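Everything below concerns the one structure shown next.
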Amino acid sequence: MLVSNREPYIHKKSKKNEIVCKKSIGGVISALDPLIRKHKGLWIAWGSGNADFLVTDTHKKVKIPPENPCYELKRIPLTKKEIENYYHGFSNRVLWPLFHLFIEKMQPKETYWNTYCKVNKKFAQNILSEIGKDDFIWIHDYQLSLVPFFIKQRKPTAKIAFFWHIPWPPWEIFCTLPWRDELLSGLLQSDFIGFHTFSYVSNFLNCVNRKPGVKLNIKKKLIHYEKHTTKIKHFPLGICYSEYHQIAHSSAMLKKAAHLKKLYGNKKLVLGIDRLDYTKGILNRIKAFELLLDENPKYREKIVFVQIASPSRNKIEEYSLMKKEIDEAVGRINGKYRNETWTPVMYFSKEISLTSLLAYYWISDIGLLTPLRDGMNLIAKEYIASNNENTVLILSEFAGASEELTNALTVNPYDLHSIARAIKKAVDMPSDEKKYRFQAMRQKVKNHDSEWWYSNFLKEWEHVYA
Ligand code: F6P
């Protein structure tokens, strides 16, 4: 049984009042959907679309995906107040900024916390009403940290694993959370917890170690707390390599890529793809590109920076503010350098289809992914899986993926000069070096795909009960 806040598919009413079904955006969905399609099971999540409950049965379930229904999704309805206080409030105005090290953006409020508890309990009740004797419950991400506690309260024998998809911060940051103790107590009712990287595991153990009543076995990565033991391990999440590789070589994608290539001509194309989020460092990236053009006239008219950003969480002030700053920066650079034949920055603030996305990957010369902090960044892996050996990946050293993709050009995303230097290096890189770096990264992405991640996680989880 898979449980997450975001549902994999959303049913919405179109302008013509027809019901349309769309796949959701985000790392959790793109990694888990191919897995559950293959291995089957039940997915439980918040039903967030305005037509979601028009297509569900009396148990609030629907078979998905629509073109090839192969697993069941159970949707949990949330009230407007719950969405505001649990999702926009505690999840995204408190935990999200704090765990990405933006303490100053955290807005802790009692109402947010109380509703977070209430909604986590609601998730637990829905899980309990579905669970069979031997079922494994696999809960995902920071929105649901208390669900293990609410399940174990009613069913102490339930088998629960948790995967934490965002960074786990150092104690000095974590300790500023007013409900740090309660959050850990909830999470520690899981039997097994996975993180993307070793540094998140070590931050987590360090935080847990400060909690009264906890006993640690560092060597075995076991945490003993209130008669319960939790095993911790890092498992870097992978993507479904074969799916991306296959679509990237389909005729529809190649046709789209050929069309786009004509539009951009012979200019070097630098590509940024993200959810529109302040953690992704989009503004710094644009400023770094400006710096490159300011200081290196020889690159002008020869490079285009394409930034595609899918809108996200736009009810939160920080996000609309950032969107405005990005719009202004793009306008400034284009105003300064644009001429009849060259627009330096092409910025698209919209969702694009998977085929178009892969076509952009394919025609780009450089992938520029510079989050200020990112749990993993699966886009870096998608970029490699869908691309050819003539491309260079520039990756933030603060993305979880940089611990694996060591052949990318790594940058400090706070240092604009370091990003500008890396773009220069990538533009001028000899093809032999590009090929060598790319092949090494492709091997990693291929070997450590989502199936590898899933089977290893499951194996370790089963050991917990052996
Ligand atoms: O990977 C982190 C994450 O929060 C996921 O939980 C989520 O699917 C994704 O980012 C997108 O965020 P949201 O669900 O808030 O749109």
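Order of listing sets the numbers, starting from 1, for every ligand and every atom in it. What you are looking at is a predicted structure, and each value in this text was computed from that prediction instead of being measured.
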Give the numbers and elements of all ligand 1 atoms closer than 4.0 Å to a heavy atom of [X].
X	answer
Tyr142	4 (O)
Trp96	2 (C), 4 (O)
Tyr87	13 (P), 15 (O), 16 (O)
Gln143	4 (O), 6 (O)

Steps toward side chain to side chain donor-acceptor pair (under 3.5 Å) verdict (Thr391, Tyr361): CA-CA 9 Å; Thr391 44; Tyr361 287 162; over 6 Å; no
Top protein contact for atom 6 (O) of ligand 1, by heavy-atom distance: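 That would be Asp141 OD2, 2.6 Å.
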For atom 7 (C) of ligand 1, closest protein heavy-atom neighbour: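 Checking every protein heavy atom, the shortest distance to atom 7 (C) of ligand 1 gives Val28 CG2, 4.4 Å.
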With Ile326, the side-chain contact (heavy atoms from CB on, under 4.5 Å) member among Leu276, Leu321, Val345: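 Result for side-chain contact (heavy atoms from CB on, under 4.5 Å) with Ile326: Leu276.
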Geometric class of the Trp113/Tyr116 ring pair [parallel <30°, tilted 30-60°, perpendicular >60°]: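 Parallel, since the angle between the ring planes stays under 30°.
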Using atom types as modelled, flag every donor-acceptor pair under 3.5 Å from a side chain in residues 147-169 to any protein atom, sequence neighbours excluded.
unit_1, atom_1, unit_2, atom_2, d
Lys152, NZ, Gln189, O, 3.0
Lys152, NZ, Asp191, OD1, 2.6
Lys152, NZ, His228, NE2, 3.3
Trp164, NE1, Ile166, O, 3.4
Trp164, NE1, Pro167, O, 3.4
His165, NE2, His140, ND1, 2.9

Candidate with minimal heavy-atom separation from atom 11 (C) of ligand 1, of Arg6, Arg275, His196: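 Among Arg6, Arg275, His196, the closest heavy atom to atom 11 (C) of ligand 1 comes from Arg275.
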Nitrogen or oxygen of Arg313 less than 3.5 angstrom from that of ligand 1: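 Yes, Arg313 has an N/O under 3.5 Å of an N/O on ligand 1.
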His140 to ligand 1, any heavy atom closer than 4.0 Å: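 His140: no contact with ligand 1 (<4.0 Å).
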Ile29 touching ligand 1 at heavy-atom level, < 4.0 angstrom: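 No, that is not the case, since the closest heavy atom of the residue is not under 4.0 Å from the ligand.
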Taking every non-hydrogen atom, the tightest pair across Glu130 and Asp135: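 It is O-OD2, 4.2 Å.
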Ring centres under 6.0 angstrom apart (Trp453, His196):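 Centroid separation for Trp453 and His196: 6.0 Å or greater.
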Centroid-centroid under 6.0 Å between Trp46 and Tyr87 rings: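 Here the rings of Tyr87 and Trp46 have centres that are less than 6.0 Å from each other.
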